[in-house]
Amino acid sequence: MRGYIPPQNSEENVFVKKAIHTLELAEGLQKPQFTLFMDLRQQQLFAAQANKYPDINVDYLCGYDGDGERRIAAVYPEHFDVDYLTLPIVVLKTELNDDKVSHKDFLGAAMGLKIKREYMGDILIKDKQAFLVCHRNVADILIDELHGVKRSSVSFEYWEEPLQFTKEYSEYRTATVASLRADSVVAALMNKSRTEAVKQIKQGNVKFNHMDVLQSDFEVVDGDIISVKHFGKYKVFCDGSKSRKDRIFINIAKY
C-alpha cells in the first residue's frame, strides 16, 4: 500500500496551508466549515492534515450517490449533529440536443464564464441529459449565463431530487504486467513498450490521481486513476492475483 506523499510543489504547499486553516477554524469556532471542490490529489493532502485533528470529523462529499471524483470536505466538531449540515453543493440539470457534447466541453464553457475550477464538481452526462455539480455561489451564474455548449443549446435548472450515477467506461480489459511500477503499468495502458512508457513519464505526460509523476518506479496501487497525455484517462484495479508465469493481473477501465 502506497503511503502518504507530501506536497510536491509550491501550489500544493499553499493548498495544505488552506487545509490547515479550515481545520483550525472548525476546531476553534466549533462550527462546521467547508472546502471548495477538490481533486483526488487534494483530497489525499487534506486527509493527511485532518488526521492531526482527532476531535474533528471530515466527510468527503460529491453531491450525488456514486463514485464521485471531485469532492468537498465538510469539516465539523465531533459533537455536531450532521443532520443540520447545510451543504454548499447544488446540482443543475439540462437537456441536450447533441449527444457528442463532452465533459470537457461543459468545463470549457464554465471556465469561459470565469468560474474557477474549484467551484465545479463532477459533470455527469447520460441519455442526452447533463448534470452539473457545483458550488451554490456559482449556480445562478451558470443558470443565467450558460446557454450554449459546443453545438448544443442548454438551459439549466436546479435538480432537487436524489441523483444516482454509475460511471460508464468506454473500454474495459485485463492485462498482465511484470510489476506494479509506473512504467510497466503505463505501458499496458497505452499498449506500448516500457521504453515508450518511460519516455512519457519523463516528459511529464503522466498523472496519478491528478499528481504529476516523473519516476518510472512509482508504485501503482488498486484504484489509481492515471492520465496519459494524448492516450487517455484510466482507472486501474489490481487485487494481487498472478498468472502461472508470475505476472500480475490488472484490470483497466478507460474513461
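The analysis underlying the following values was restricted to heavy atoms, covering all of them including side chains, and did not include hydrogens, waters or symmetry mates.
- Counting heavy atoms from C-beta outward, Ile20 and Tyr53 have side chains that approach closer than 4.5 Å.
- Linking ILVMFWY residues whenever their side-chain heavy atoms come closer than 4.5 Å, directly or via other members, places Ile5 and Val236 in the same cluster.
- Contact detail for Pro77 and Ala26: the closest heavy-atom pair is CG-O, 3.9 Å.
- Each of Ile250, Val206, Ile248, Ile252 was evaluated against Val185; a single residue qualifies, Ile250, per the side-chain contact (heavy atoms from CB on, under 4.5 Å) test.
- A donor-acceptor contact shorter than 3.5 Å is absent between the side chain of Asp122 and the backbone of Leu124.
- Leu92 and Ile115 end up in the same hydrophobic cluster when Ile, Leu, Val, Met, Phe, Trp and Tyr side chains are linked at under 4.5 Å.
- Closest approach of Gly63 and Val133 over heavy atoms only: CA-CG1, 4.4 Å.
- Listed by chain and residue number, Arg173 satisfy the side-chain hydrogen bond (donor to acceptor under 3.5 Å, both in side chains) test with Glu171 (two or more places apart in sequence, or in another chain).
- Applying the salt bridge (Lys or Arg N to Asp or Glu O under 4.0 Å) definition to pairs two or more places apart or across chains, those involving residues 240-255 are Lys242-Asp246.
- Using modelled atom types and a 3.5 Å distance limit, the side chains of Asp224 and Tyr234 yield no donor-acceptor pair.
- Every pair passing salt bridge (Lys or Arg N to Asp or Glu O under 4.0 Å) that includes a residue from residues 178-188 is listed here, sequence neighbours excluded: Arg181-Asp183, Asp183-Arg194.
- Residue pairs that meet the side-chain hydrogen bond (donor to acceptor under 3.5 Å, both in side chains) test with at least one member in residues 5-16, sequence neighbours left out, are Glu12-Arg41.
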Does Tyr255 form a ring-ring contact (aromatic ring centres under 6.0 Å, His included) with Tyr169? I'd like the steps, not just the answer. CA-CA 5 Å; Tyr255 288 76; Tyr169 299 101; 5.3 Å; yes

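- At a threshold of 4.0 Å, the pair Asp212-Lys207 counts as salt-bridged, since one of the basic side-chain nitrogens sits closer than that to a carboxylate oxygen.
- A side-chain donor from one of Asp140 and Tyr158 sits under 3.5 Å from a side-chain acceptor of the other.
- Each of His230, Lys229, Gln200 was scored for a side chain to side chain donor-acceptor pair (under 3.5 Å) with Asn205, with one residue passing: Gln200.
- With respect to the salt-bridge test (charged N to carboxylate O, under 4.0 angstrom), the residues Glu69 and Lys233 qualify.
- Listed by first then second residue, pairs satisfying side-chain hydrogen bond (donor to acceptor under 3.5 Å, both in side chains) with a partner in residues 20-36 read Gln30-His79, not counting sequence neighbours.
- Other residues, nucleotides and ligands place no more than 12 heavy atoms under 6.0 Å from the NZ atom of Lys199.
- Using the six-membered ring where Trp is involved, Tyr64 and Phe165 have ring planes that are perpendicular, over 60° apart on the 30 and 60° scheme.
- Environment of OH in Tyr4: crowded, with over 12 heavy atoms of neighbouring residues, nucleotides or ligands closer than 6.0 Å.
- Residues Leu29 make up the rest of the hydrophobic cluster containing Leu25, defined by ILVMFWY side-chain heavy atoms closer than 4.5 Å, directly or through other members.
- In terms of heavy atoms, Leu87 sits closest to Ala74 at CD2-CB, 4.5 Å.
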